[in-house]
Student: 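Take a look at the following structure, please.
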Amino acid sequence: MIISSVELIILAQHVRRLDVLDRQATSTGSEKETIVTDNITKPARTRYAPSPTGNPHIGNIRTAIFAYLWAKHTGGQFLLRIEDTDKKRQTETGVQDIKNSLGWLSLDWDEGPDKGGPFAPYVQSERLDLYQSIAKKMVEDGTAYYCYCTPERLDAVNKAKQAIKQAPGYDRRCRTISETEKEAALASGLTPTIRFKVPLEGKTTFTDLVVKPLTVENSTIQDAVILKSDGFPTYHLAHIVDDHFMEISHVIRGQEWLPSAPLHVMIYQALGWEMPAFIHAPVILNPPGQKGKLSKRDNAVSVSQYSELGYLPEALMNFLVLLGWSYDDHTEFFSMEDLIKDFDIARIQPTPAKFNIDKLDFLNAHYINHVLTVDDFARRCLPFLAEYGVISPEEAANPGARWEFIRAACALVKDKVKTLAEVPVEIDFLFKPGAALEYPATDLIGKNEGPAAAAQVLEETINYLRDIPDETYNDRDAILAGLTEISENKLHLKNRGLMLWPPRVALSGRTKSPDLMGMIITLGRAETLARLEKGKQSLA
RNA sequence: GGCGCAUUCGUCUAGCGGCCUAGGACGCAUCCCUCUCAAGGAUGAGACCACGGGUUCGAAUCCCGUAUGCGCUACCA
């Protein structure tokens, strides 16, 4: 039976208890401060412990990034643990959503579900015996107690307290309940919860590595439920037990946990366990003009959404890590390698940061324009081209002979696009048949003198492109030189722009387009001539 | 209501007592480059370091109040 082996472990922990006690956070009146373990010298073990309730929120993922980077920076391990202790909130795809998000960002975990590890299982619902035995042990130790109160009574207590302007919270009735009352409650078929017995007096102090040392009066902390009546633990118990047995050295989590951190410190102490270091990362706020935490009401908040919007994982990563962390006063671009080398939790800032999409756009454009290779870029464009209906899903999965054309088409806009999603919008005209292009004939004129002048430019362009050898046709500089020559010496135009405008519109159907020479080459001679001819006709 | 955390250009931030008449980046403006749109280059506007008291020879940097913002206050995480 698993319980007995667990209890052996607990016993072993109790033996360690005495020598550990001196080194950890104090409570119950003592003014000693927490001694934070030296985190630089030894490899860290960190974890990302989400609850499978849907696509991970970006603020949540950022703490995963911090945890991952810190583990890797110190040469340690990053674990994934699924905290599915609330059956009501589960999503069917929750676990997969989490894995997808981490995978997309290349946040690979060393231990976790599927992958296994020395402390498996890494799913809390598969570790119920452990939590139950420890909660029971705490009751026996006198650091926790059974609570027989019904949800209705709890609710009534809260309402009553609020009515007289008191802080809501449990009144600790079952701490002192009589045996007969207990028996009565049990007889009525009620399953008790287990609550942690918070010391009534004194203070608890602990040090967060990001926020300052924090002290609270024990009297302000609730006797939190640690084991629910359905036999599942609450977060408060489960994460402590798991972090302990999984030998987590640094608990990196969102700042919304700060208020309950003292409770966690007291539970560690009650268990006699050595504490990990705490790092409470700042929350991410709504963009300027909106109040509150980054919310999905008006913003994209999940990793998958940003993926769908055409952002690169490199850019999102770079952006997110800079929200609340900085390396120095000027470095702005960080590759994963840079981050692993340079990341330091000591430089995480405690101040909440507003989410500024402009900066993300800038970083995304930077990665697309200057970091990605053409092949890599085009490959990443495939799903977006398919989504937009420019190529088929089959072609996206396996471009085959189409690849060269797709690649060339994408290359045309690589330097001007901010997101992957813009690509099909910018180049769809290359994929449509030229005959399907619709645009006002007057667009062809531009700054030329009139329809006749524009038609003449098209005429000359057609003649030139028709007659040059293949080698010249595929040489953008040669084409540009050829067209320039015609513009200057044959048509005597005021500037080269007048020469290049009509073909631009004829080929793309737009007044804003990629590089003309690029379009000429990518479309190929036959298609190019057909489009130019169509343009010329429309001016007649 | 109670408890907690935070507070430097519109935004992200550098700054950890004298290098600050506060540096960088995004965005914005102007100019240059230019085949359109971008990109790129240059320049500029933009912060009395939330406010008020201290401590100090000296404070954005330390302390205390106030204000504001944010978080927590569940048999959710």
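Quick note on labels: first sequence line is chain A, next is B, and so on, each numbered from 1.
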Student: Please state the C1' separation for the pair B:G52 and B:U7 - nearest whole angstrom.
Tutor: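 Going atom to atom, C1' in each nucleotide, I get 15 Å.
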Student: Can you check the distance between B:C26 and B:C9, where both ends of the measurement are the C1' atom (answer in whole Å)?
Tutor: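 After rounding to an integer number of Å, I get 12 Å for this pair.
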Student: Between A:D428 and A:R510 (salt bridge meaning N to carboxylate O under 4.0 Å), is one present in this structure?
Tutor: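 Yes.
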Student: Consider side chain to side chain contact (heavy atoms under 4.5 Å, CB included). Of A:L312, A:I61, A:L339, which one does A:M317 pass it with?
Tutor: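 Only one of A:L312, A:I61, A:L339 forms a side chain to side chain contact (heavy atoms under 4.5 Å, CB included) with A:M317, namely A:L339.
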Student: Heavy-atom nearest nucleotide on RNA chain B for A:R347 versus A:T85: which residue maps closer to 5'?
Tutor: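 Closer to the 5' end of RNA chain B: A:R347.
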Student: Just to verify, what does A:S229 make a side-chain hydrogen bond (donor to acceptor under 3.5 Å, both in side chains) with, not counting sequence neighbours?
Tutor: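 Not a single residue meets the side-chain hydrogen bond (donor to acceptor under 3.5 Å, both in side chains) criterion with A:S229.
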Student: Between protein and nucleotides 61-75 of chain B, map the contacts as a letter string: B base, S sugar-phosphate only, - none, heavy atoms under 4.0 Å, written 5' to 3'.
Tutor: --------SSBS--B
Student: Mind checking ring-ring contact (aromatic ring centres under 6.0 Å, His included) for A:H366 and listing every partner two or more places apart, or none if nothing turns up?
Tutor: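 Listed in chain order: A:F333, A:H370.
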Student: Under a 3.5 Å cut-off for both contacts, is B:C16 paired Watson-Crick or G-U wobble with anything, and if yes, with which nucleotide?
Tutor: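 Base partner found: none.
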Student: Residues two or more places apart in sequence or in another chain: which of them pass ring-ring contact (aromatic ring centres under 6.0 Å, His included) with A:W325?
Tutor: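 Scan of A:W325 (ring-ring contact (aromatic ring centres under 6.0 Å, His included), adjacent residues dropped) gives A:F334, A:F343.
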Student: Between protein and nucleic acid, restricted to nucleotides 18-26 of chain B and to nitrogen or oxygen atoms under 3.5 Å apart, what atom pairs and distances do you find?
Tutor:
unit_1 : atom_1 : unit_2 : atom_2 : d
B:G23  : N2     : A:D329 : O      : 3.3
B:A25  : O2'    : A:E332 : OE1    : 3.0
B:C26  : O2'    : A:D358 : O      : 3.4
B:C26  : O2'    : A:K359 : N      : 3.3

Student: Do any pairs count as a side chain to side chain donor-acceptor pair (under 3.5 Å) and have a residue in residues 276-293 of chain A, sequence neighbours left out, and if so which ones?
Tutor: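 Residue pairs with at least one partner in residues 276-293 of chain A: A:D208-A:H280, A:R253-A:H280, A:N286-A:S295, A:N286-A:N299, A:Q290-A:N299.
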Student: Sequence neighbours excluded, which residues qualify as side chain to side chain contact (heavy atoms under 4.5 Å, CB included) partners of A:K512?
Tutor: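 Scan of A:K512 (side chain to side chain contact (heavy atoms under 4.5 Å, CB included), adjacent residues dropped) gives none.
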Student: Roughly how many Å apart are B:G41 and B:U21, using the C1' atom of each and rounding to a whole number?
Tutor: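 My reading of the C1' atoms in B:U21 and B:G41 gives 29 Å.
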Student: Taking atom C1' in both B:C16 and B:A60, compute the distance separating them and give it to the nearest angstrom.
Tutor: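 Looking at atom C1' only, B:C16 and B:A60 are 11 Å apart.
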Student: Between B:A14 and A:Q349, is there an OP1 or OP2 to side-chain N/O distance shorter than 4.0 Å?
Tutor: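 Answer yes for this pair, as a side-chain N or O of A:Q349 is under 4.0 Å from OP1 or OP2.
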Student: When you check the phosphate oxygens OP1 and OP2 of B:A14, does a side-chain N or O of A:S326 lie under 4.0 Å from one of them?
Tutor: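 Affirmative; the distance criterion is met.
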Student: So, using side chain to side chain contact (heavy atoms under 4.5 Å, CB included) as the criterion, who are the partners of A:E83 when residues are at least two apart?
Tutor: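 By the side chain to side chain contact (heavy atoms under 4.5 Å, CB included) rule, A:E83 matches A:A49, A:R81, A:Q124, A:Y235, A:H239.
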Student: Once side-chain hydrogen bond (donor to acceptor under 3.5 Å, both in side chains) is applied, do any residues pair with A:T63, and if so which ones, sequence neighbours excluded?
Tutor: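 Partners of A:T63 under the side-chain hydrogen bond (donor to acceptor under 3.5 Å, both in side chains) test: none.
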Student: Could you run through nucleotides 42-50 of chain B and give me one letter per nucleotide, 5' to 3': B if any protein heavy atom sits under 4.0 Å from the base, S if only the sugar-phosphate is that close, - if neither?
Tutor: ---------
Student: What is the base-pairing partner of B:C26, counting Watson-Crick and G-U wobble geometry with both distances under 3.5 Å?
Tutor: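 B:G10 - that is the nucleotide pairing with B:C26, both distances being under 3.5 Å.
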Student: Please name all residues satisfying side-chain hydrogen bond (donor to acceptor under 3.5 Å, both in side chains) with A:R195, sequence neighbours left out, ordered by chain then number.
Tutor: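 Result, side-chain hydrogen bond (donor to acceptor under 3.5 Å, both in side chains) vs A:R195: none returned.
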Student: Which whole number of Å gives the distance between the C1' atom of B:G27 and that of B:C12?
Tutor: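 Each nucleotide's C1' atom is 11 Å from the other's.
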Student: Taking the nucleotide of RNA chain B with the nearest heavy atom to each, does A:L214 or A:H366 sit closer to the 5' end?
Tutor: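 So the residue in question is A:L214.
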Student: Output all residues satisfying side chain to side chain contact (heavy atoms under 4.5 Å, CB included) with A:S219, sequence neighbours left out; order by chain, then residue number.
Tutor: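 A:E217.
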Student: With rounding to the closest Å, how many angstrom separate the C1' atoms on B:U61 and B:C20?
Tutor: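 The answer is 11 Å between these two C1' atoms.
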